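For clarity, every value in this text was computed on a predicted model and none was experimentally measured. All heavy atoms count here, side chains included; hydrogens, waters and symmetry mates do not. Each chain gets a letter, A, B and so on, in the order its sequence line appears, and its residues count up from 1.
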Number of protein chains: 2
Amino acid sequence: MQKQQTLSRNQKIIFDLIDKSPEPMKAYSILFNVQKKGIKAPLQVYRALDKLVEIGKIHKIESRNAFIACQNSSCQISKATAFSICESCENVSEISNTKLSKYLSNFADSSGMKYSKYNLEFFGLCKKCKSK
Amino acid sequence: MQKQQTLSRNQKIIFDLIDKSPEPMKAYSILFNVQKKGIKAPLQVYRALDKLVEIGKIHKIESRNAFIACQNSSCQISKATAFSICESCENVSEISNTKLSKYLSNFADSSGMKYSKYNLEFFGLCKKCKSK
DNA sequence: AACACTATGTAATAATATAACATTTACATG
DNA sequence: CATGTAAATGTTATATTATTACATAGTGTT
Ligand SMILES: [Zn+2]
Ligand SMILES: [Zn+2]
Ligand SMILES: [Zn+2]
Ligand SMILES: [Zn+2]
């Protein structure tokens, strides 16, 4: 079980938009889409995004500067994220694989560093694009 | 063995700068540092960076928008990168771990996607920062 | 020389993100 | 209910990161 978060007005508007989107959304595209709802400035968007990322409702796809709703029933593990990205159609989906997340969460190397978080992005061609 | 690449003038200037830097460098900081050598415009920097990334001499740290020289004797595997990032001092180093890279290169899930590349970023506290 | 290819130079602009400051709302606690 | 405090909001300006468009120059091959 995870702590239930109540989203504020702006956070809810922006989360709903991202959650409905079939693809990752960029900040300024979000801004454009919520202007009719009274959210007028980049900072309002970025603040909501920061919060949503923090509580694991969305994730940032770093290589794309874009945001996607968590596909993992709101990641307990917003600190352990993995995505698969099609380099042709730019489809992105969150990988939910227990073995992988265990392997990476337990990873330790010789550096003496204690890892508390990771983000993994896989790139390739999705089924559809492969068969073209 | 890998194909030996000859770097062009701008590419060499920019690679040398990044290679000497103890920390990842950002594009505009690179620009600032090479202006005395005649590289005056962002595009000149970005073009060199693109090429250097392509041939595996440097890597981009996506979560930081910064560039680091390959610490792996010029990655044969510029398609399989892993980094450890200290969230306190921002020290970044490239992880070279055969088991990890094998595990990830062979990773396959149920999506039917063929992965040809990955990038992994671990976050935490380095030895030094941990003991503070 | 003619060609293809890679790299360079320059100006303008697009896209992404944050700083600074003022105000308002939610809500715990005396 | 009053008061304090943390979280969220609103607004303007600005910083940072990256690309478009177009012109020119070098490099190597035939
Ligand atoms: Zn998730
Ligand atoms: Zn695809
Ligand atoms: Zn490398
Ligand atoms: Zn550190």
Quick test of your reading of the model: are A:D16 and A:K20 salt-bridged, counting only N-O distances below 4.0 Å?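 No, A:D16 and A:K20 are not salt-bridged.
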Once you round it to whole Å, what is the distance between C1' of D:dT9 and CZ of A:R9?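 Rounded to the whole Å, the gap is 9 Å.
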Whether B:F107 and B:Y115 hold their rings parallel, tilted or perpendicular, with breakpoints at 30° and 60°: parallel
Between A:S8 and C:dA26, is there a contact of a side-chain N or O with OP1 or OP2 at under 4.0 Å?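 So the side-chain polar atoms of A:S8 never come under 4.0 Å of the phosphate oxygens OP1 or OP2 of C:dA26.
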Polar contact flag, side-chain donor to acceptor under 3.5 angstrom, A:S8-A:N10: no
Above 12 or not: heavy atoms from other molecules or residues under 6.0 Å from NZ of A:K128?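 Atom NZ in A:K128 is not packed in, count stays at 12 or less.
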Rounding to a whole Å, what distance do you find between B:I30:CD1 and D:dT16:P? 15 Å
Whole angstroms only, please: what is the CG-P distance between B:L52 and C:dA7? 10 Å
Whole angstrom value for the distance that separates P of D:dT24 from CG of B:N10: 19 Å
Just the rounded figure in Å: distance from P of D:dG10 to CD1 of A:I14. 10 Å
Spell out protein contact along nucleotides 13-20 of chain C as letters: B when the base is contacted, S when just the sugar-phosphate is, - when no protein heavy atom is under 4.0 Å; keep the 5' to 3' order. ---BBBBB
For the side chain of A:A41, counting heavy atoms from C-beta on, which of C:dA7, C:dG9, D:dT12 is nearest?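 So the side chain of A:A41 is nearest to D:dT12.
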Does C:dT10 have its OP1 or OP2 closer than 4.0 Å to a side-chain nitrogen or oxygen of B:K40? yes
Between D:dA8 (P) and A:L49 (CG): distance, integer Å: 14 Å
Test your reading of the model: is there a side-chain donor-acceptor pair from B:E87 to the backbone of B:F123, 3.5 Å cut-off?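 Side chain of B:E87 to backbone of B:F123: no pair is present.
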Length of the line joining A:L31:CG and D:dT11:P, which is rounded to integer Å: 13 Å
Examine D:dG10: is either OP1 or OP2 under 4.0 Å from a nitrogen or oxygen in the side chain of A:Q44? Give yes or no. yes
In terms of relative ring orientation, are A:Y103 and B:Y103 parallel, tilted or perpendicular, with 30° and 60° separating the classes?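 Judged by the thresholds at 30° and 60°, the geometry between A:Y103 and B:Y103 is parallel.
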Write down the distance between CD1 (B:I39) and P (C:dG9), rounded to a whole number of angstrom. 7 Å
Do A:N119 and A:E121 pair up side chain to side chain, a donor and an acceptor below 3.5 Å, judged on atom types alone? yes
